[in-house]
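Encoded as structure tokens, the structure appears first; notes follow it.
We number each residue from 1, following the sequence as shown. Remember, it's a predicted structure, so these values are computed and weren't measured experimentally.
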Amino acid sequence: MMEPDEVYSAILFFPNSEHKSIEMIMNAPNFINLNINQKYGGGGVLTLKEEMHMLYPGDILLFNHKKHL
């Protein structure tokens with residue numbers, strides 16, 4: 001749940017290992033795993049400490065000021 005007074009950064013997700021979004025995801029303190037399947041257009045499953053999400057190219061990722069997704 002988003003906090004009303006917190007500042008967030010947003011970035012588009014692209015399943016290219018050299019894209020900045022991959023680096024930001026993997027450096028997030030709550031990151032566990034990212035499984036990208038190029039066979040299905042680069043979508044993937046993002047596993048965080050408390051939840052899992054399906055990601056698709058062009059999805060918007062939000063990071064709080066502590067760099068948590």
Side-chain angles (χ1 to χ4, degrees):
M1 181 180 237
M2 294 175 63
E3 297 295 325
D5 296 331
E6 192 161 10
V7 175
Y8 292 87
S9 298
I11 189 168
L12 292 175
F13 168 71
F14 289 102
N16 177 334
S17 63
E18 296 176 9
H19 192 267
K20 183 177 182 177
S21 64
I22 300 297
E23 179 183 338
M24 289 179 72
I25 290 170
M26 296 179 102
N27 288 325
N30 58 335
F31 170 78
I32 300 292
N33 188 39
L34 177 60
N35 185 7
I36 297 173
N37 190 333
Q38 294 296 340
K39 181 178 177 182
Y40 299 107
V45 177
L46 172 64
T47 305
L48 302 174
K49 287 185 179 177
E50 299 177 3
E51 55 200 357
M52 294 175 67
H53 299 279
M54 289 296 301
L55 288 181
Y56 299 96
D59 280 355
I60 298 171
L61 304 173
L62 294 176
F63 295 84
N64 67 14
H65 71 281
K66 295 178 183 177
K67 301 192 187 304
H68 282 81
L69 272 160

For this session: Output all residues satisfying ring-ring contact (aromatic ring centres under 6.0 Å, His included) with His19, sequence neighbours left out; order by chain, then residue number.
Result: Phe14
For this session: Taking all non-hydrogen atoms of both residues into account, name the closest pair between Gly43 and Pro57 and its distance.
Result: N-CD, 4.1 Å
For this session: Before giving the answer on side chain to side chain contact (heavy atoms under 4.5 Å, CB included), spell out for Asn30 and Glu50 the whole-Å C-alpha distance, their side-chain angles and the decisive distance to 0.1 Å.
Result: CA-CA 8 Å; Asn30 58 335; Glu50 299 177 3; over 6 Å; no
Problem set entry | Non-neighbouring partners of His68 that pass side-chain hydrogen bond (donor to acceptor under 3.5 Å, both in side chains), sequence neighbours left out | none
Exercise. Which residues satisfy the side-chain hydrogen bond (donor to acceptor under 3.5 Å, both in side chains) test with Glu18, sequence neighbours excluded?
Worked result: none
For this session: Kindly write out the residues that satisfy side chain to side chain contact (heavy atoms under 4.5 Å, CB included) with Leu34, not counting sequence neighbours, or none if the list is empty.
Result: Phe13, Ile22, Ile25, Phe31, Ile36, Leu46, Leu55
For this session: Hey, could you give me the CG/NE2 distance between Asp59 and His53, rounded to the nearest 0.5 Å?
Result: 10.5 Å
Problem set entry | Between NZ on residue Lys67 and CG on residue Asn27, distance to nearest 0.5 Å | 9.0 Å
Exercise. In the hydrophobic clustering that connects Ile, Leu, Val, Met, Phe, Trp and Tyr at side-chain heavy-atom distances below 4.5 Å, which members other than Met52 occupy its cluster, ordered by chain and number?
Worked result: Val45, Met54, Tyr56
Exercise. Given side chains that start at C-beta, do those of Ile60 and Leu12 come closer than 4.5 Å, heavy atoms only?
Worked result: yes
Problem set entry | Spacing of Met26 atom CE and Ile32 atom CD1 [to the nearest 0.5 Å] | 12.0 Å
Seminar exercise, completed: Sequence neighbours excluded, the answer for side chain to side chain contact (heavy atoms under 4.5 Å, CB included) partners of Lys20 is Ile11, Met24
